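Taking it in order: structure first as structure tokens, then the write-up.
A note on names: the letters A, B, ... follow the listed sequences, proteins ahead of strands, and every chain is numbered from 1. Hydrogens, waters and symmetry mates are skipped; everything else that's a heavy atom, side chains included, is used. The model shown is predicted, which means the values in this text are computed figures rather than measured ones.
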Number of protein chains: 2
Amino acid sequence: MSLTDHPRTAPLPLRRRFLQDTGMELQRCTVCGIRGQSICNAINDKELEILAQASSRLTFPPATTLIEEGSPAIAFFNVTKGTVKLFKSLPDGRRQITGFADVGHFLGLTNARTYSFGAETVDTVQVCRFLRPQLETLLTDYPLFERRLLTEITGELAEAQEQMLLLGRKTARERIASFLLARMMPPSPHADSAVEGQMVSLPMTRVDIADYLGLTIETVSRTLSALRREKIITGTDNHGIRVLAVSRLEDLASGQDNR
Amino acid sequence: MSLTDHPRTAPLPLRRRFLQDTGMELQRCTVCGIRGQSICNAINDKELEILAQASSRLTFPPATTLIEEGSPAIAFFNVTKGTVKLFKSLPDGRRQITGFADVGHFLGLTNARTYSFGAETVDTVQVCRFLRPQLETLLTDYPLFERRLLTEITGELAEAQEQMLLLGRKTARERIASFLLARMMPPSPHADSAVEGQMVSLPMTRVDIADYLGLTIETVSRTLSALRREKIITGTDNHGIRVLAVSRLEDLASGQDNR
DNA sequence: GGTCATTGTTGATATAAATCAACGACAAGT
DNA sequence: ACTTGTCGTTGATTTATATCAACAATGACC
């Protein structure tokens with residue numbers, strides 16, 4: 001199956017009803033705050049209304065299924081707010097989260113007629129949805145859009161390879177260290193310099209972290225506690241942690257230093 | 001870094017001297033037996049000489065380094081014969097093979113200025129090499145070529161996600177079963193029907209299998225022995241195995257049946 | 001303000017796979 | 001034909017992490 005197939009349109013497989021933003025469709029993309037970070041950036045300012053016509057903006061509450069594993073692949077999403085988790089499952093319920101799609105990332109690209117993975121919102125999520133025929137049109141009419149998509153997916157593949165190294169060869173401690181580093185926010189210029197340590201945002205639960213790192217929730221919890229005890233990280237808030245010793249964490253992540 | 005960067009040309013990082021096919025360059029692609037299976041298929045018959053000019057065909061002995069981890073990303077390869085392994089390593093030598101590129105597959109695509117992975121031949125390998133500026137030209141001038149590449153890499157990503165599920169959540173037995181199934185040859189019409197069982201080609205060593213599946217060589221060896229003992233597979237040849245019970249193996253691979 | 005469900009933490013024990021170790025099969029070279 | 005090195009197999013033991021179990025913290029809801 002190739003990307004050039006045009007499957008018939010069908011209702012989106014959603015467990016809950018979603019919210020659809022109304023009005024001002026034609027202006028939406030022009031004012032999109034994250035266009036600079038996303039594939040939409042590849043489309044000319046003057047032609048933005050084409051993008052607006054091709055997409056619709058939707059808002060979903062936490063824990064909403066965006067993509068059901070094995071369901072018909074009819075849409076493609078670009079995340080404009082929040083975090084979406086992508087995963088694959090085994091018949092007995094074991095699950096592997098293959099990635100978190102944060103702001104600016106896309107999801108839903110596939111060659112097959114059905115999705116080989118699932119997707120669920122972690123927190124409140126806003127996306128731009130492109131139906132497949134619309135995506136085809138953009139790809140064909142805007143070479144820069146296609147090139148940008150190729151670049152993005154090449155990056156995804158590199159991340160996937162890094163994650164395979166983590167899952168296949170790293171210890172629990174190394175996995176947690178790598179995860180925290182990968183999710184570390186770049187130090188913002190407006191950062192509260194009175195509070196020390198680099199912020200790490202963890203909107204997902206311990207279950208999600210465990211399913212992403214190929215561990216159990218107990219091991220995740222114990223390892224985070226150990227790092228806290230060793231003053232490498234701080235913070236009692238479950239969804240926000242601060243890294244006190246970035247370089248220690250970097251050594252840990254690459255297996256330089258274990259104790 | 002984007003695909004549109006043109007890094008300066010530099011000598012290829014090869015431990016050994018490679019063999020370069022000479023003469024008849026312009027005809028080479030026309031007679032390429034595997035074009036139908038590869039990205040080159042996206043280029044029109046009449047324009048094949050453009051492809052021939054953009055690429056050079058090279059032959060390498062087993063265990064040749066095609067790509068050194070971290071070296072400048074100057075080339076892109078299309079495998080026309082043999083098998084190449086792709087991998088990532090940790091400073092202490094732990095290694096994860098992220099994939100095997102068999103006939104028809106490409107390798108070497110990256111957004112960065114350097115490769116984030118290594119590549120080494122498993123057996124005798126023949127490739128078509130495209131230097132990066134040449135690849136750029138093809139991508140820009142032949143939309144079908146670019147589309148084909150996007151389709152291929154989308155498939156690679158799906159495979160990577162499947163492998164993450166394997167590495168993060170499957171048992172040793174499930175990993176071996178999945179691996180054998182994935183490498184099972186499609187039953188050829190000329191197959192020797194006197195010999196029962198589906199052929200599985202394993203050109204790589206036990207070390208490579210272990211590094212691909214996130215196991216040790218001992219576990220790989222023990223698990224294969226167990227499957228042989230249970231009459232699910234046969235064959236004493238280390239690089240060729242026959243699957244006797246495909247459906248048993250499928251159940252095993254998806255965690256349905258373990259004993 | 002109490003009940004209940006959800007999420008996370010910590011401790012005790014079990015286990016799958018790693019590690020350590022010995023050896024067999026085979027091919028290359030002398 | 002013997003040595004040497006590579007590769008794979010099998011057995012004994014260790015260990016990192018899973019599993020099992022109890023409990024604490026939090027927030028939703030009546």
Mind calculating the distance between [atom1] ([X]) and [atom2] ([N]) to the nearest angstrom?
X        : N      : atom1 : atom2 : result
B:Arg94  : C:dT19 : CZ    : C1'   : 14 Å
A:His239 : D:dT26 : NE2   : P     : 12 Å
A:Arg95  : D:dA18 : CZ    : P     : 15 Å
A:Ile209 : C:dT9  : CD1   : P     : 9 Å
A:Leu215 : C:dA16 : CG    : C1'   : 15 Å
A:Arg175 : D:dT17 : CZ    : C1'   : 10 Å
B:Arg173 : C:dA17 : CZ    : P     : 11 Å
A:Leu227 : C:dG8  : CG    : C1'   : 16 Å

| task | State the OH-CZ distance between A:Tyr212 and A:Arg183, to the nearest 0.5 angstrom. | result |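 Spacing of OH (A:Tyr212) from CZ (A:Arg183) equals 8.0 Å.
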Of A:Arg169 and A:Arg206, the one whose closest nucleotide on DNA chain C sits nearer the 5' end is A:Arg206
Indicate whether OP1 or OP2 belonging to [N] is found under 4.0 Å from a side-chain N or O atom of [X].
X        : N      : answer
B:Thr219 : C:dA18 : yes
B:Asn238 : D:dT9  : yes
A:Ser225 : C:dT10 : yes

Picking from D:dT17, C:dT9, D:dG11, the nucleotide nearest the side-chain atoms of B:Glu218 would be D:dG11
Shortest side-chain distance from B:Ser221, nucleotide among C:dG11, D:dT10, D:dT17
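Of C:dG11, D:dT10, D:dT17, D:dT10 is nearest to the side chain of B:Ser221.
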Heavy atoms only, 4.0 Å cut-off, all strands: where does B:Thr216 land among base, sugar-phosphate and nothing?
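Since a base atom lies under 4.0 Å of B:Thr216, the category is base.
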Requested in this report: Quick one: label B:Leu224 by what it contacts on the DNA or RNA (base, sugar-phosphate, nothing), any heavy atom closer than 4.0 Å.
Outcome: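 No contact.
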Does a donor on one side chain and an acceptor on the other come within less than 3.5 Å for B:Glu69 and B:Ser89? yes
request  = Can you check whether any acceptor in the base of D:dG11 is under 3.5 Å from a donor in the side chain of B:Arg222, or vice versa?
outcome  =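 A donor-acceptor contact between them is present.
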Got B:Val220 and B:Arg175 here, is their nearest side-chain heavy-atom distance under 4.5 Å?
-> no
Compare all side-chain heavy atoms of A:Ile153 with those of A:Leu157 and state whether any distance is below 4.5 angstrom.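 Counting from C-beta outward, A:Ile153 and A:Leu157 never come under 4.5 Å.
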Specify whether B:Phe100 and B:Phe179 have parallel, tilted or perpendicular ring planes, treating 30° as the upper limit for parallel and 60° as the lower limit for perpendicular. tilted
